Amino acid sequence: MIQLKGLDISNNAIRELPGNIGELRSLVSLNAYNNQIRNLPPSFLSLSALQQLDLSGNKLTALPSGIYNLFSLKEINFDDNPLLRPPVEICKEKQLYTIARYLQRADERDEKILEKIFKIVANNITKANFEFLCQKLNLAISETDKSTMSTVSLSETVHQVLDRWKTENLSVTTAALRDQLTRALTMIGAYEIMDKITALKLFTCAIKF
């Protein structure tokens, strides 16, 4: 159905959009209001012809950062969703530019926060805990990493490994990487590090942007 231009699947208690919905390259109008959709699949951002979108009355908590790539989108409605990213007050204006601008700034902010968390971990973790952390993140310590550890400081090695972990997970959002890292730190009992990260989160939450 790649020539389909209009699709209305509203009022059907649908929980998710099909992962290959992006193949509907000719789709101009999509109405999926009053369902139970919690997130949008990555391929959704391939709907380059989309001009009208109504996802009101669902369970969306976040919109994909790449939504600004849907240049043809003119009419949008995300009302009655428990949105946090961006918040409801941003979406109620129904302006793609406003939403995209918020998400762009949020992404930049998340990048800075993750970098600060990397520094906190690198400067405070012990060698034993670092090895446990790598296990929890399913991150193998290569022979290069081991040889590097003998020539540079532990903090430098940790930072390099965390940077590589981030690069290997480019399909994962920065916020999701942050949450995954903090969960792993909690699991290995790195409570002093977690206290520092919690303090950083409280500080950044107090800053409006």
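As the structure is a prediction and not an experimental result, all values here were calculated from the model. Numbering starts at 1 and runs along the sequence shown. In what follows, every heavy atom counts, from backbone to side chain, and hydrogens, waters and symmetry copies are set aside.
Minimum heavy-atom separation, Ile113 to Leu200: O-CD2, 4.1 Å. A pairwise comparison of heavy atoms in Leu63 and Cys91 identifies CD1-SG, 4.1 Å as the closest pair. Ala184 approaches Lys136 most closely through the heavy-atom pair CB-CB, 3.9 Å.
Looking only at distances, no side-chain donor or acceptor of Asn124 sits under 3.5 Å from a matching main-chain atom of Ile193. A donor-acceptor pair under 3.5 Å links the side-chain atoms of Ser43 to the main chain of Gly22, judged by distance alone. Counting only distance, with no hydrogens or angles, the side chain of Asp54 and the backbone of Ser56 share a donor-acceptor pair below 3.5 Å. Side-chain atoms of Asp110 do not come within 3.5 Å of backbone N or O of Thr174 as any donor-acceptor pair. At least one donor-acceptor pair closer than 3.5 Å links the side chain of Asn58 to the backbone N or O of Leu55. Asp107 contributes no side-chain N or O that, together with a main-chain N or O of Tyr102, makes up a donor-acceptor pair within less than 3.5 Å.
The number of heavy atoms from other shown groups lying within 6.0 Å of CD1 (Ile2) does not exceed 12. In this structure, Glu16 places its CD atom where only 12 or fewer heavy-atom neighbours from other residues, nucleotides or ligands lie under 6.0 Å away. Open room surrounds CD on Glu192; 12 or fewer heavy atoms of other groups in view lie less than 6.0 Å from it.
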Listed pairs under 3.5 Å, donor-acceptor, residues 4-14 side chains, sequence neighbours left out:
{"unit_1": "Asp8", "atom_1": "OD1", "unit_2": "Ser10", "atom_2": "N", "d": "3.0"}
{"unit_1": "Asp8", "atom_1": "OD1", "unit_2": "Ser10", "atom_2": "OG", "d": "2.8"}
{"unit_1": "Ser10", "atom_1": "OG", "unit_2": "Asn31", "atom_2": "O", "d": "3.4"}
{"unit_1": "Ser10", "atom_1": "OG", "unit_2": "Tyr33", "atom_2": "N", "d": "3.2"}
{"unit_1": "Asn11", "atom_1": "OD1", "unit_2": "Asn34", "atom_2": "ND2", "d": "3.1"}
{"unit_1": "Asn12", "atom_1": "ND2", "unit_2": "Ile9", "atom_2": "O", "d": "3.2"}
{"unit_1": "Asn12", "atom_1": "ND2", "unit_2": "Ser10", "atom_2": "O", "d": "2.8"}

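Distance CZ/Arg109 to CG/Leu114: 13.5 Å, rounded to 0.5 Å. Distance check: Ile99 CD1 to Lys92 NZ gives 12.5 Å after rounding to the nearest 0.5 Å.
Ring orientation note: the planes of Trp165 and Phe118 are tilted relative to one another, at an angle of 30° to 60°.
For the pair Thr61 and Arg85, the minimum side-chain heavy-atom distance is 4.5 Å or more. Side-chain atoms of Ile117 and Ile197, non-hydrogen and from C-beta on, do get closer than 4.5 Å to each other.
Each of Ile90, Leu84, Val88 was compared with Pro86 under the side-chain contact (heavy atoms from CB on, under 4.5 Å) criterion, and only Ile90 meets it.
Side chains of Gln180 and Arg183: no donor on one and acceptor on the other come within 3.5 Å. Using modelled atom types and a 3.5 Å distance limit, the side chains of Gln51 and Ser72 yield no donor-acceptor pair. Looking at Thr157 and Gln160, their side chains never bring a donor and an acceptor atom within 3.5 Å of each other.
Under a hydrophobic-cluster definition in which Ile, Leu, Val, Met, Phe, Trp and Tyr are linked whenever side-chain heavy atoms come within less than 4.5 Å, directly or via other members, Val28 and Phe44 are assigned to different clusters.
Taking the charged nitrogens against the carboxylate oxygens, Glu111 and Lys166 do have a contact shorter than 4.0 Å, which makes a salt bridge.
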